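First up is the structure itself, then whatever we jot down about it.
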Amino acid sequence: MVLPNILAVLALVCVLSKNGVEASHKIYPRFQTLNVENVKQLHRTGYHFQPPKHWINDPNGKPIQQEHDRFHGLQFFQINPDFDCFMCVNWFVRAAPMYYKGLYHLFYQYNPKGAVWGNIVWAHSVSKDLINWESLEPAIYPSKWFDNYGCWSGSATVLPNGGPVIFYTGIVDEHNSQIQNYAVPANLSDPYLRKWVKPDDNPIVNPDTSVNGSAFRDPTTAWWAEGHWKILVGSRRKHRGVAYLYKSRDFKKWVKAKHPLHSVQGTGMWECPDFFPVSLSGEKGLDPSVMGQNVKHVLKVSLDMTRYEYYTLGTYDKKKDRYFPDEGLVDGWAGLRLDYGNFYASKTFYDPSTNRRILWGWANESDAVQQDKDKGWAGIQLIPRKVWLDPSGKQLLQWPVAELEKLRGHNIQLSHQKLNQGDHVEVKVTTAAQADVDVTFSFPSLDKAEPFDPKWAKLDALDVCAQKGSKAPGGLGPFGLLTLASEKLEEFTPVFFRVFKAADKHKVLLCSDARSSSLGEGLYKPSFAGFVDVDLTDKKLSLRSLIDHSVVESFGAGGRIAITSRVYPTTAVFEKARLFVFNNGSETITVESLNAWSMNKPVMNVPVKS
Ligand SMILES: *[C@@H]1O[C@H](CO)[C@@H](O)[C@H](O)[C@H]1NC(C)=O
Ligand SMILES: *[C@@H]1O[C@H](CO)[C@@H](O)[C@H](O)[C@H]1NC(C)=O
Ligand SMILES: *[C@@H]1O[C@H](CO)[C@@H](O)[C@H](O)[C@H]1NC(C)=O
Ligand SMILES: *[C@@H]1O[C@H](CO)[C@@H](O)[C@H](O)[C@H]1NC(C)=O
């Protein structure tokens, strides 16, 4: 049953928790108290969301809530570019959006200076179009017994005929003991929802004795089914990843269900679970409470042990409150991914104003911590993506939100351009370091596809990409884009296809290989890759890449696969960066059509005028 006027809800923040809490999170105590004097512009993104270059402790500013502030002297900052940077290192930027009364709200986790590990606040920005962002003061920060040691990730739900409610994980002691809290806007008539109140009847959920209270976080958006509101909380039981389910009739009193919604042995802690319906036909998104015949469900989790995410498609039994992944899908580390690159702590939300489901992911840095300290910033939000079910029902499709196209400026086109083995042709877009490029390649036949070595079946796609790369000559491929390239190709980040012939079918590999991306040292340079399930009968493959100084976010085969890389060129920077198409395979490739646009900068981090 669907409540008729659920406004939907939006998701929010998977913010991140922690760092440091789990063994796999590295902690760098010497950098936690940090006074950044200079924010380096090199490698900062032009149109991907980042917190302001200057975060300051306004010495005269008033804390936004009149509650006792455990940061004592640390008042909540306002953004003022004329002041020195005070809190620039936000390792943990991850975000979550919600749509309410004409505005998208982005809440993101932020690690302020000087506090011990875990003093995470919810920073807050608003937008009318998901692209231009104005900033507000933080929405939620530690101030009560139930979140004194940190306000970690969570989600928002917009109640029918009501306002939004945020659920978030509160940290109550030095051992990172976790409970789930709620917060509500102080003034529902304020479209900016500037001020949030954390009522005294918190928490809404305490872990019972069967739950590991230091691995219990990231509540989801609520959905309505069988007379109850329901949410998930991510957890683990020894090595088993678990999504606990809690139910409520009134949104206040929450009770743990007999069984978790789902759990998988051997996957480790599940962070940032996300559970939502997708329509079996068409691209429209659905409110989280929509059930029924024409709907499938998606369960996505972020794996703390591997630091990547996977999802399954399946069936939600709303009476038993169980989720069953479809047969044939891998329910574990080797499962389908929303992005095969640097992408974590993602969240979706339903946007009722456009009937879309929108996915946001966070990308951390691939440089060393010392370099983050030197540049004064870390972490970006990727471009929001529309997501919907592929007509095959076997995977999701994704595409950058259409609003991004407003930023497109100067345009360069190519068509019917032949690329023989060894060719690379420059695409002379005016700002190749800040560009959007969309290209369709074609080829006369599949005959020259290289054989697929059966040994590779056991390898991760990343290892296959590492073996072959863009340099080993091939048959059908490697062909694609050379992004963030220096003029003479000392540096470049290739995004390319290689097509293989396996026993039963062709296998298409998309790589985004950081190994040649920089002459600099100390960088993490993975050859990110995934196999994409695509029909090759029309002998075409398409690729779109969003290039933005230190990030290359790519969508292959019309959004059937996405891969994000973070890279740090030394010479291919600003106006010296170049963009090429290339082919290193023996089969001739044709650039059927290519459009590349210089991208303008959106409004970002400009304070909302009061
Ligand atoms: C609530 O917000 C509205 C709209 O911004 C404003 O006019 C009103 O003064 C606010 N009320 C309070 C109590 O702040
Ligand atoms: C509980 O969670 C913490 C943090 O992830 C972990 O260190 C600990 O081993 C877990 N305990 C059990 C019994 O799984
Ligand atoms: C962040 O970056 C490091 C490399 O610097 C990487 O090993 C780690 O897995 C990344 N991802 C996340 C989600 O932390
Ligand atoms: C293409 O292959 C040649 C020969 O292996 C290599 O030198 C060149 O770097 C390759 N091009 C790219 C873009 O990898």
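Please read all numbers here as calculations on a predicted model, not as lab measurements. Worth knowing before you read on, the calculation uses all heavy atoms, side chains too, and leaves out hydrogens, waters and symmetry mates.
- Here the side chains of Val567 and Leu484 are in contact, with some heavy-atom distance below 4.5 Å.
- Within the 4.5 Å cutoff, the side chain of Tyr100 has heavy atoms near those of the Leu193 side chain.
- For the pair Ser598 (side chain) and Thr431 (backbone), a donor-acceptor distance under 3.5 Å is present.
- Figure legend: Arg357 and Phe349 shown without cation-pi pairing, the cationic atom not lying both under 6.0 angstrom from the six-membered ring centre and within 45 degrees of its axis.
- Looking at heavy atoms from C-beta onward, Trp229 lies out of side-chain contact with Arg249 at the 4.5 angstrom threshold.
- A donor-acceptor pair under 3.5 Å is formed between the side chain of Thr483 and the backbone N or O of Thr493.
- Ring geometry for Trp254 against Phe251 counts as perpendicular: the plane angle is over 60°, on a 0 to 90° scale with 30° as the lower cut.
- The backbone N or O of Met599 lies less than 3.5 Å from a partner atom in the side chain of Gln434, making a donor-acceptor pair.
- Within 6.0 Å of NZ on Lys252 lie no more than 12 heavy atoms contributed by other residues, nucleotides or ligands.
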Any chance you could lay out the side chain to side chain contact (heavy atoms under 4.5 Å, CB included) test for Thr348 and Lys300, step after step, and finish with the verdict?
CA-CA 10 Å; Thr348 63; Lys300 185 276 310 183; over 6 Å; no
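- Side chain of Gln395 to main chain of Arg560: a donor-acceptor pair is present (N/O by atom type, distance under 3.5 Å, no hydrogens or angles).
- The main-chain N or O of Gly170 is never found under 3.5 Å from a side-chain atom of Asp147 such that the two would form a donor-acceptor pair.
- Remark: aromatic rings of Phe528 and Tyr340 are distant, center separation not under 6.0 Å.
- Among all heavy-atom pairs drawn from Met98 and Ala156, the shortest one is SD-CB, 3.5 Å.
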Run the side chain to side chain contact (heavy atoms under 4.5 Å, CB included) check on Tyr308 and Phe343 step by step: do they pass?
CA-CA 7 Å; Tyr308 61 71; Phe343 186 94; over 6 Å; no
What do the steps show when you test Tyr47 against Asp436 for side chain to side chain donor-acceptor pair (under 3.5 Å), and what is the final call?
CA-CA 11 Å; Tyr47 61 96; Asp436 177 357; over 6 Å; no
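- A perpendicular orientation is assigned to the rings of Tyr310 and Trp270, their planes being inclined by more than 60° (bins at 30° and 60°).
- Between Ser125 and Phe49 the shortest side-chain heavy-atom distance falls below 4.5 Å.
- Residues Gln178 and Ile171 are in side-chain contact: their nearest non-hydrogen atoms beyond the backbone lie under 4.5 Å apart.
- Using modelled atom types, no side-chain atom of Thr157 and backbone atom of Leu159 make a donor-acceptor pair closer than 3.5 Å.
- Thr221 places none of its side-chain heavy atoms less than 4.5 Å from the side chain of Ile231.
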key: side chain to side chain contact (heavy atoms under 4.5 Å, CB included) between Phe555 and Ile563, intermediate numbers included   = CA-CA 7 Å; Phe555 300 84; Ile563 309 183; over 6 Å; no
